[in-house]
There are 2 protein chains.
Amino acid sequence: MAESTTHVALAVVLRVQAGRPQVLLWQRGRAPHAGAWSLPGGTLDSEETLEDSIRRHLAAKVDVRELSHLEQLETRSDPSRVPGERQLATAYLGLVPEDADPSIPADTEWHLVDELPPMAFDHGEIALAARERLRAKLSYTNVGFALAKDAFTISELREVYSAALGYDVSATNLQRVLLRRGVLEPTGGRRESGPAGGRPPALFRFRSRKLEVTDPFAVLSPPRRSRA
Amino acid sequence: MAESTTHVALAVVLRVQAGRPQVLLWQRGRAPHAGAWSLPGGTLDSEETLEDSIRRHLAAKVDVRELSHLEQLETRSDPSRVPGERQLATAYLGLVPEDADPSIPADTEWHLVDELPPMAFDHGEIALAARERLRAKLSYTNVGFALAKDAFTISELREVYSAALGYDVSATNLQRVLLRRGVLEPTGGRRESGPAGGRPPALFRFRSRKLEVTDPFAVLSPPRRSRA
DNA sequence: GCAAAAGTGTTGTGTCTACACCCATGT
DNA sequence: ACATGGGTGTAGACACAACACTTTTGC
């Protein structure tokens, strides 16, 4: 009875497109939950780390070079999460920039995070948890770099942030907050005005493209002298 | 060659005692790393969740009723993290209140987090990561409840926070921040003055003893009207 | 000139730190 | 009285939201 345990790595791959957050889902062909949508991933090999594993499995779905950020979320272990089998799953959050449009296989599709289709197992919960994690990190880290293009206008960045956060963000304040923190820097370039005219926007980039915590002390900060 | 993978649950059990943060460590009897200290835990059974597993293993070390908080940290999967065996480890953060002094077995001891003894495998890293997680959560959640007694004076709470954060916190401001957020409430009671006199301190308690996020919007908060 | 879009100046607010001061007790 | 520790009052710093206003383009 006590069959062997399997361990899979899953990824919630998110991107913002047309002002709405999307997740990459894969449609199951086989039972259980045939036809339902699931997170991409697969079983862990004996000689790889979980991160290598999820990268390997994703390589079949998305061009891995497009993955601008990857971090571990949580490991699910409920014995009944997958019927008829003992399966542990370690979930990852993967991010893809707005402008990358990786070719994806036929059994795979981008879905709006706000309108998830029927999901297999606990994958719906995992996707929502990933979204929450992203939301939180947008506030106190520079993760934005992973969703935005290399160079962008503040308006474009505003759209990305608004979509990911789920509420409107003012371009004015977004610019000031991120510049003050040293998260953004001007590239020096400008974009041309659109057909309707308007002042040509300046281009910005993220100063770093690695995850950094930019707002470390929400409160209860250490005494001022030791701070700077 | 490809022997079976094992999966263990480990816990970084932290408490604050005498103004210093401590971890519960277990001294290994067997090779590898005989004599080195390791995090308590053990192998995952086929019919239990990881959380049940770590609770079960901890029950042998600490009275589980003393565990005021438990949350999953991360799963380590480097194939070489444990020599001669493929072992995955899911780490948990466990917290014990200041006043609980659970009896612990002979092969187990509390160690100062700042002065870890030689640690087995990657357990040293895990312990430090857990400490960081606690530090961060003290700022924007009510986790303090898990480190403090049921009722306490602000001075006592200040000691706990200072120890866990690693820097001085002013009692004045700690009180105001936590009261304003509705995290603390007065019990109504007072403590007697010490032998040196002084005004008798009021007693407080945490309003909730479940983890809650109390400072959700570090920045980039939603527009004001939707906030309240 | 006028509309459109970008960006700056400015004001107000909320939340925190720092520090002065007042309160209640023991000796 | 005075020392000791607890607690409040208040001022200043800071980071942010909100909104008015200026800038730069197309038509």
Side-chain angles (χ1 to χ4, degrees), chain A residues 19 138-140 151-159 161-162 165 167-204 213-228, chain B residues 19 138-140 151-159 161-162 165 167-204 213-228:
Chain A
L138 275 176
S139 264
Y140 67 92
F152 44 83
T153 68
I154 297 293
S155 289
E156 290 164 350
L157 190 63
R158 193 200 69 82
E159 262 225 345
Y161 269 73
S162 294
L165 289 171
Y167 52 78
D168 265 26
V169 172
S170 115
T172 302
N173 295 329
L174 183 66
Q175 179 179 29
R176 275 201 277 240
V177 167
L178 297 184
L179 280 176
R180 167 154 25 152
R181 291 187 186 171
V183 171
L184 296 186
E185 63 187 3
T187 67
R190 307 195 146 275
R191 173 84 39 88
E192 280 177 11
S193 303
R199 174 170 169 175
L203 292 174
F204 294 83
V213 174
T214 58
D215 189 29
F217 302 114
V219 282
L220 301 176
S221 52
R224 285 252 157 79
R225 25 212 81 179
S226 36
R227 191 161 179 178
Chain B
L138 275 176
S139 263
Y140 66 91
F152 45 82
T153 68
I154 297 294
S155 290
E156 290 162 351
L157 191 64
R158 194 200 69 81
E159 262 225 346
Y161 270 72
S162 294
L165 290 171
Y167 51 77
D168 265 25
V169 172
S170 114
T172 301
N173 296 329
L174 184 66
Q175 179 180 28
R176 275 202 276 240
V177 167
L178 297 184
L179 280 176
R180 168 152 26 154
R181 291 187 184 171
V183 172
L184 296 187
E185 63 186 5
T187 66
R190 307 193 147 275
R191 173 85 40 86
E192 279 178 10
S193 303
R199 174 170 169 176
L203 292 174
F204 294 83
V213 174
T214 57
D215 189 29
F217 302 113
V219 281
L220 302 175
S221 51
R224 286 249 159 81
R225 25 211 80 179
S226 35
R227 192 159 179 179

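Protein chains get the first letters and strands the later ones, always in sequence-line order, with residue 1 at the start of each.
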inquiry  = At 4.0 Å (heavy atoms only), tell me whether S170(A) reaches a base, stays on the sugar-phosphate, or touches nothing.
reply    = nothing
Protein-nucleic acid N or O pairs under 3.5 Å, nucleotides 23-25 of chain D:
{"from": "dT23(D)", "atom 1": "O2", "to": "R199(A)", "atom 2": "NH1", "distance (Å)": "3.3"}
{"from": "dT24(D)", "atom 1": "O2", "to": "R199(A)", "atom 2": "N", "distance (Å)": "3.0"}
{"from": "dT25(D)", "atom 1": "O2", "to": "G198(A)", "atom 2": "N", "distance (Å)": "2.7"}

Between dA17(D) (C1') and Q175(A) (CD): distance, integer Å = 15 Å
query = Looking at E192(A) and P201(A), what are the two nearest heavy atoms and their distance?
reply = O-CD, 4.4 Å
message = Run the ring pair (Phe, Tyr, Trp, His ring centres under 6.0 Å) test against F204(A) and tell me which residues pass, sequence neighbours left out.
response = none
inquiry  = So which atom in S193(A) and which in G198(A) form the shortest heavy-atom distance, rounded to 0.1 Å?
reply    = OG-O, 2.5 Å
query = Between L178(B) (CG) and dG7(D) (C1'), how many Å, whole number?
reply = 15 Å
query = Base, sugar-phosphate, or nothing for A202(B), non-hydrogen atoms under 4.0 angstrom?
reply = sugar-phosphate
task = Ignoring the backbone of N173(A), work out which of dG7(D), dT8(C), dA17(D) is nearest its side chain.
result = dA17(D)
query = What integer distance in Å separates F152(A):CZ from dG7(C):P?
reply = 12 Å
message = Could you report the tightest heavy-atom contact between R181(A) and T214(A), atom names first, then the distance?
response = NH1-OG1, 3.3 Å
task = Spell out yes or no: do the side chain of R191(B) and the base of dG5(D) have one donor N/O and one acceptor N/O closer than 3.5 Å?
result = no
request  = Counting heavy atoms from C-beta on, name the nucleotide in dG7(D), dT17(C), dT10(C) closest to the side chain of R176(A).
outcome  = dT10(C)
Integer-rounded Å distance: dG7(D) P and L184(B) CG = 12 Å
Side-chain touch F152(B)/T187(B), heavy atoms, less than 4.5 angstrom = no
message = From CD1 of I154(B) over to P of dT8(D), roughly how many Å is that when rounded to an integer?
response = 9 Å
key: Length of the line joining D168(A):CG and dC16(D):C1', which is rounded to integer Å   = 17 Å
key: Side-chain heavy-atom pair V183(A), V177(A) within 4.5 angstrom cut-off   = no
inquiry  = Counting C-beta onward and ignoring hydrogens, is there a side-chain heavy-atom pair between S155(A) and E159(A) closer than 4.5 Å?
reply    = no
message = Rounded to whole Å, please give me the gap between CG in L157(B) and C1' in dG6(D).
response = 15 Å
query = Between E156(B) (CD) and dG7(D) (C1'), how many Å, whole number?
reply = 15 Å
query = Across the strands shown, which category fits S155(B) at heavy-atom distances under 4.0 angstrom: base, sugar-phosphate, nothing?
reply = sugar-phosphate
